[in-house]
Every structure is written in C-alpha cells, then in structure tokens.
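Lettering follows sequence order; numbering is per chain, from 1.
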Number of protein chains: 2
Amino acid sequence: MKKTSLSDIAKHLGVSKTLVSFVLNGKGKEFRISDEICKKVLEVAKELNYQPNRIAQGLRTGKTNTIGLIIADIANPFFGILGREIEQEAARFGYRVIFCSSDENPEKSKQQIAMLQQSQVDGYIISPPKKSEDQIRSLVKSHIPLVLIDRYFPEIECNHISVDNFDAAYKATNHLIALGHKKIANITVNLDLVNMIERTEGYKKALLDASLPVDESLIKELPFSHDNKDVARAIKELVGKPGNKKVDAILFATSKLGINGIESITAMGLKIPDDIAVVSFDNPDAYKICISPVTVVNQPLKEIGKTAVQVIINELKHPDNIHKIQKITLKTDLIIRKSCGS
Amino acid sequence: MKKTSLSDIAKHLGVSKTLVSFVLNGKGKEFRISDEICKKVLEVAKELNYQPNRIAQGLRTGKTNTIGLIIADIANPFFGILGREIEQEAARFGYRVIFCSSDENPEKSKQQIAMLQQSQVDGYIISPPKKSEDQIRSLVKSHIPLVLIDRYFPEIECNHISVDNFDAAYKATNHLIALGHKKIANITVNLDLVNMIERTEGYKKALLDASLPVDESLIKELPFSHDNKDVARAIKELVGKPGNKKVDAILFATSKLGINGIESITAMGLKIPDDIAVVSFDNPDAYKICISPVTVVNQPLKEIGKTAVQVIINELKHPDNIHKIQKITLKTDLIIRKSCGS
DNA sequence: CAAATTCACTAAATCGATTTAGTAAAAAAC
DNA sequence: GTTTTTTACTAAATCGATTTAGTGAATTTG
C-alpha cells in the first residue's frame with residue numbers, strides 16, 4: 001500500500017500531472033482548468049488520500065518549510081518553554097522545526113549547523129555557544145534567514161533577540177540593596193557571552209550606585225556543566241565560617257544555579273531569607289513551591305520565541321528586500337516573592 | 001555563493017557525477033575507481049565545501065534520516081528530558097528529530113502525523129493522546145517503524161515502551177500506608193489512557209490490600225489543561241473543614257498536579273507532611289527544594305527515550321525481517337524524601 | 001592472436017513534485 | 001472566411017542526488 005503520488009491521480013483521471021499540480025495548489029482558476037475537472041481532481045485526491053511529498057516539493061522549489069533550532073538543552077525548562085513557543089508559532093505559518101541541543105559546545109553546534117544546512121532548512125534560530133562566532137559568520141554569509149536568541153555576538157551584524165540583562169541584574173541587585181542587604185554575592189556561569197557578562201555588569205553597577213564595594217571574591221563563575229557539588233562548593237566559600245558571615249545575599253544568574261544553590265543552602269542548615277537572601281534569573285516552577293518562594297527575574301520567553309519565528313518568516317516572505325537587521329531587546333520583570341526578606 | 005552540488009565537483013574534475021557519488025559514498029573501492037581520482041574528488045569536495053543535499057538524497061533513496069516525535073508538550077520537563085534523550089540517541093545514528101507538541105489533543109496529533117508523513121520521516125515515536133487510536137492504527141498499517149511511549153492502546157498491536165504504572169502507584173500508596181496514613185486521596189488527570197488508569201488501579205489495590213476503604217470521592221480527576229485554581233479547588237474539596245480533616249495524604253499522578261497542589265496546600269496554611277503527606281509521580285527539580293522535599297515515583301526517562309530510538313533504528317536496519325512487536329515495560333523507583341513523614 | 005575478462009569509468013533513468021513553453025480546438029474579431 | 005485570441009489543457013525540463021546498465025580500452029587467457 002504505497003503512497004499516492006501526483007501521477008497516480010493524473011493516471012486515474014487520464015489527465016496530465018501538470019493539471020493535477022495546478023489544481024491541488026489552488027491555481028485552477030489562474031490556469032483556467034475547468035471547474036468540472038477541478039472538482040474531480042480534488043475528489044480523487046481525497047479518495048486516494050493523497051499526501052504531497054514535501055521532500056520532492058522541497059527539491060524542486062528549494063523550500064523545505066523547515067526551521068532549524070539550536071539551543072543549549074531542550075531538557076532545561078528555560079529552553080523547553082522557548083522551544084515550545086517556537087514550535088507553535090512556526091506551525092501557525094506551516095513550518096516544522098528540527099530541534100538540536102548543543103550543550104553550549106561549539107563542536108556540537110558546528111555539526112548541527114552542517115546537518116541543518118544539508119537538510120536545506122529555510123531558516124535558523126540559534127542560541128549560539130561561545131566560540132561559535134565563525135559558524136555564525138559563515139551562516140550570515142549564506143544569506144539564509146537567521147536569528148540569534150538569548151545571546152549574540154556584538155561584533156557580528158545579525159538579527160538577534162534578547163533581554164536587557166544589564167537592566168535585569170541591576171534591578172534585581174537593587175532590590176536586595178533596598179531591603180538592606182550589603183554583602184551581595186553573584187553566582188554565574190562562565191559562558192563568556194554577552195548575556196552573562198551583562199548580568200554581572202548590572203550587578204556591579206547597582207553596587208557602585210549604592211556606594212557598596214565590588215568584591216571580586218564574591219563573584220563565582222562556574223562552568224556550564226556544573227552539578228550540585230560545584231554550586232555547593234561555591235556557596236561554602238561564599239558563606240565562610242558560621243558566625244562570621246561573609247555574605248548576606250546571592251544573585252543567581254540562572255535557575256539551574258539557583259535550584260542547586262538553594263538545595264545547598266538548605267542542606268547547610270541556613271534559612272532563606274533570614275540567614276541569606278536569594279534572587280535568581282528565570283522563573284521555573286520550582287521557585288513557586290520553594291522553602292521560601294524565590295524572587296526572580298522573569299524573562300518574556302513566549303515573546304522571544306514568537307518574535308524569533310516572525311523575524312524568520314518575514315525574511316522568507318520578502319526575499320528580495322534587503323532586510324534591516326533586527327536587534328531586539330526585551331524587558332524583564334522582577335517577580336517579588338519571599339526569598340529576599342522584607 | 002550558492003551551494004556546491006555533485007555536478008559541480010564532477011565538472012570541476014571533468015569526470016561523471018556517478019563517479020563522484022561513488023567516491024563520496026565510500027564506494028570507490030567497490031566500483032574500482034582509481035586511488036588517484038578518489039583522492040582528487042575528496043580534495044575538491046573539501047575545497048568547495050561540498051554538503052550533500054539530503055533532500056535530493058531523500059527523494060532518490062526514500063530515506064530521510066529523520067524521526068518524527070509527538071509528545072504532549074516539550075515545555076513540560078518530563079517530555080523535555082525524554083525529548084532530549086531521543087534527540088541524542090537519534091543523533092548517534094545520524095538521525096534528526098522533528099518535534100511536535102500535541103497538547104494531548106487528537107486533532108493536533110492527527111495534523112502532526114499527516115505533516116510527518118508528508119515529510120517522509122523514517123520512523124515515529126509517539127506519546128498518543130486519547131482518541132487517537134485510529135491515527136495509530138493507520139500508521140501501523142503503513143509499515144513505517146513506530147513506537148509508542150509513556151502510554152499505548154492495549155487493543156493495538158504496536159511497539160510500545162512504558163513503565164509499570166500499576167506497580168509504581170501501588171508502591172507509592174503502600175509507602176503512605178506504611179507510614180500510618182489512612183485517608184489517602186488520589187489526584188489524577190482524565191487522560192483516559194492506560195498509564196493513568198493503571199496508576200489509579202495500583203492506588204486502589206494498595207488500599208484494598210491494606211483493608212482500607214476505597215472512597216471514590218477521594219479520587220479527583222482533573223482535565224489535562226488544568227491550572228492552579230482547578231487543583232486548589234480539588235484540594236479544598238478533599239481537605240474539607242479545618243479540624244475535620246477528610247484526608248491525611250495525597251498521591252499526585254503527575255508533577256504538574258503535584259507542583260500546583262503543593263502550592264495550594266501551602267497557601268492554605270497546611271504543613272507537609274504534618275498536616276498532609278504527599279507523594280507524586282515524576283521527579284522535577286522543584287521537588288528537591290520544596291518546602292518539604294517530595295517523595296516521588298521516578299521514571300527511567302533516559303532509558304525510555306534511548307530504547308525508543310533503538311527500536312526504530314533496529315527496524316530500519318533490518319527492513320526485511322518481520323519484526324517481533326516490542327512491548328517493553330520498565331520499572332520505576334520510589335525516591336523517599338520528607339513529604340510523607342516518618 | 002582472437003576471445004574473454006578486467007578495469008575504470010559514463011550515460012541515462014529515477015525519485016515526485018513544479019513550472020515554462022507550447023499546442024490543438026473553439027470562439028471572437030475583422 | 002481567414003486571422004487572432006482565448007480556452008483548456010500537456011510535454012518536457014528541472015531540482016540533486018543514486019543506481020543500473022553499459023562502454024571502450026587494457027589486460028589476461030587459451
């Protein structure tokens with residue numbers, strides 16, 4: 001029971017496959033195929049359960065209606081929500097999505113980009129790892145629609161959508177300061193990417209503006225693939241000996257850090273927010289039912305995802321235009337819960 | 001700067017594209033192409049940065065090296081982790097994955113299956129929503145490798161991989177009983193699918209085996225797309241008036257229910273586990289840093305994902321064999337934390 | 001040394017669509 | 001009543017690979 005092709009329909013009716021193609025593409029009128037034949041073609045197509053072969057279509061037209069997505073890890077709810085939104089918005093326009101998790105590894109992302117090129121995807125949405133500048137540059141040269149999300153390379157002229165990380169970290173740190181915290185630490189991840197760098201900058205600026213000292217020893221950079229133990233060690237170093245607290249608040253730059261951090265803090269017998277206050281980027285479920293629900297920097301993930309697809313679709317819809325490069329920065333909002341005290 | 005094709009390489013060297021194809025597919029020896037020419041072809045391919053057009057390849061060979069994946073929601077960490085594992089295992093064998101979130105909606109899954117058929121995917125991994133029996137049946141008839149995950153339809157002969165949900169719920173309920181809880185509620189979701197039904201059955205059996213009454217009013221079935229409020233209402237009904245507790249423990253059949261439930265319980269001023277004990281299926285991060293870390297039924301997501309891909313690949317590798325249908329049931333483990341008391 | 005075999009390659013068909021160029025018959029125009 | 005235009009279609013090229021069948025030259029065989 002093999003699949004029905006255009007020719008099958010054509011043979012079935014004794015007409016040419018050209019005609020069938022016209023009719024099924026809604027161009028019956030345009031190519032003045034008689035209403036009678038149009039109707040028959042549609043009937044037979046339904047009867048034989050015709051499903052167009054998108055591969056053949058893709059070869060002929062050069063369009064696959066597919067978007068390639070590279071993110072760090074689809075199992076991470078941050079990217080899960082983003083991916084979901086991208087999938088959904090793409091589907092609205094008839095596009096499918098090939099998902100790739102790069103693990104922030106430029107070797108992997110390089111391979112994945114090559115794979116997506118071979119698959120002839122119509123556009124790319126990428127959250128690029130560090131040291132992937134050359135990959136991105138060569139994609140830009142290929143003139144296939146591309147948008148970077150979450151982070152970008154300032155030196156590369158390319159569409160990107162991200163949030164105002166500086167502002168977000170500034171607001172979060174300020175919130176801690178306003179509540180009387182003075183010894184504020186920053187636990188972050190060494191991605192060497194603008195998004196993380198700006199978070200640290202925003203944190204520092206808030207301290208400076210409040211005339212608080214910036215103590216580099218209170219800034220802990222962990223590798224991307226950190227686990228509980230790494231975070232626990234960082235926190236132990238920060239907290240110091242009991243009775244001689246070096247730190248009274250921590251800003252976590254990702255929820256993965258924050259969740260592990262809170263686990264460690266609790267395991268050490270410290271109470272949030274009394275012994276130590278906590279703010280974190282991202283807004284996972286975990287923070288809602290936490291020992292002390294966590295105050296967070298909430299990112300507009302839906303908007304990032306939706307906009308990314310729209311930028312791609314827009315370029316695909318208007319291929320001739322030379323497009324203005326879209327550099328979109330969205331605002332975050334601070335959701336205040338109980339983890340910073342009052 | 002358009003892409004390099006086989007013919008470009010052929011022209012560049014003044015040979016036929018047949019030859020180039022042979023060499024690039026590693027069949028140089030087999031078709032006794034001289035070593036000298038082989039070397040040149042490989043050189044030129046690299047020089048021109050040849051990337052095979054997988055679409056053209058797919059059209060000719062009928063193989064796209066693509067697996068279609070349909071799950072309920074990639075933003076749900078349960079499916080996120082599963083998806084991640086599937087992506088990774090598929091990549092090991094040179095397969096890409098098209099992700100689709102069905103929202104447990106059979107209309108959506110129907111469309112997505114049609115889309116995947118048109119995309120000529122080589123295999124399907126599907127977590128089927130209720131009322132999608134006909135879709136699955138017709139896929140089975142198409143003889144394209146297919147494996148169902150998380151749930152399945154007992155009446156359809158088809159590969160599937162899932163966990164022993166009856167046993168899991170039985171163990172979880174038994175754990176509550178062993179700790180002295182007697183009035184145990186079950187909050188679940190009305191998917192009308194074996195996986196959920198078995199969970200409720202396991203729960204009931206544990207009560208029966210302990211000579212505890214099965215009170216249907218303690219079993220709450222919520223719609224799939226529930227929110228905080230739905231769960232809060234269910235819990236209010238279960239708890240009843242203060243001082244007259246109808247329930248002293250709850251088994252949540254999914255983590256989405258559990259997270260919302262714990263939020264509500266806490267909002268009502270009740271303490272876990274003292275006022276009410278809690279066990280839940282699935283093991284999200286949230287449960288680790290919860291008010292009272294949650295005892296859970298942990299599913300072997302990695303194994304489910306990995307095995308699913310292997311079943312598909314195995315059928316693809318041996319297309320001639322009539323394959324034994326694989327019905328795989330994996331064991332869960334109960335991770336005991338603090339939410340049930342002691 | 002003619003026939004058979006091996007060697008090193010190539011021509012052309014094919015997959016299933018789209019699309020350009022064209023055609024025979026009918027209708028309209030002059 | 002011939003020419004032009006319109007109508008309602010079709011043939012064939014094309015996309016970029018794979019693969020079958022074949023070919024001329026060199027080599028081996030008897």
Rounded distance (Å) that lies between atom P of D:dC9 and atom NZ of A:Lys17: 18 Å

Supply the atom-to-atom distance A:Tyr124 OH to A:Gln135 CD, rounded to the nearest 0.5 angstrom. 11.5 Å

Any salt bridge linking B:Glu87 with B:Arg92? Criterion: basic side-chain nitrogen under 4.0 Å from a carboxylate oxygen. no

NZ (B:Lys108) with more than 12 external heavy atoms under 6.0 Å: yes

OG1 on B:Thr64 to OH on B:Tyr95, rounded to 0.5 Å: 8.0 Å

All heavy atoms of A:Glu89 vs all of A:Gln310, minimum pair found to be OE2-NE2, 3.0 Å

Inter-end axis angle, the helix from C:dC1-D:dG30 to C:dC30-D:dG1, with every axis fitted to five base pairs (rounded, 10 degrees): 60°

Taking for each residue the nucleotide of DNA chain C with the nearest heavy atom, is it B:Arg32 or B:Ala56 whose nucleotide lies nearer the 5' end? B:Arg32

State, without any angle test, whether A:Asn65 and A:Gln57 hold a side-chain donor-acceptor pair at a distance under 3.5 Å. no

On DNA chain C, reading 5' to 3', which nucleotide is the first and which the last to sit with an atom under 4.0 Å from a heavy atom of chain A, could you check? C:dG16 to C:dT20

Heavy atoms under 4.0 Å, any strand shown: does A:Thr18 hit a base, just sugar-phosphate, or nothing? base

Heavy-atom nearest nucleotide on DNA chain D taken for A:Arg60 and for B:Ser7; more 5' hit belongs to A:Arg60

Looking at every strand, decide which applies to A:Ile55 at a 4.0 Å heavy-atom threshold: base, sugar-phosphate, or nothing. nothing

Under 3.5 Å, is there a donor-acceptor pair linking the side chains of A:Arg151 and A:Ser162? no

Over all strands shown, is B:Ser21 touching base, sugar-phosphate only, or nothing at heavy-atom distances under 4.0 angstrom? base

Distance from A:Ile144 atom CD1 to B:Lys3 atom NZ, nearest 0.5 Å? 4.0 Å

How would you label the contact of B:Lys63 with the nucleic acid (heavy atoms, under 4.0 Å): base, sugar-phosphate, or nothing? nothing

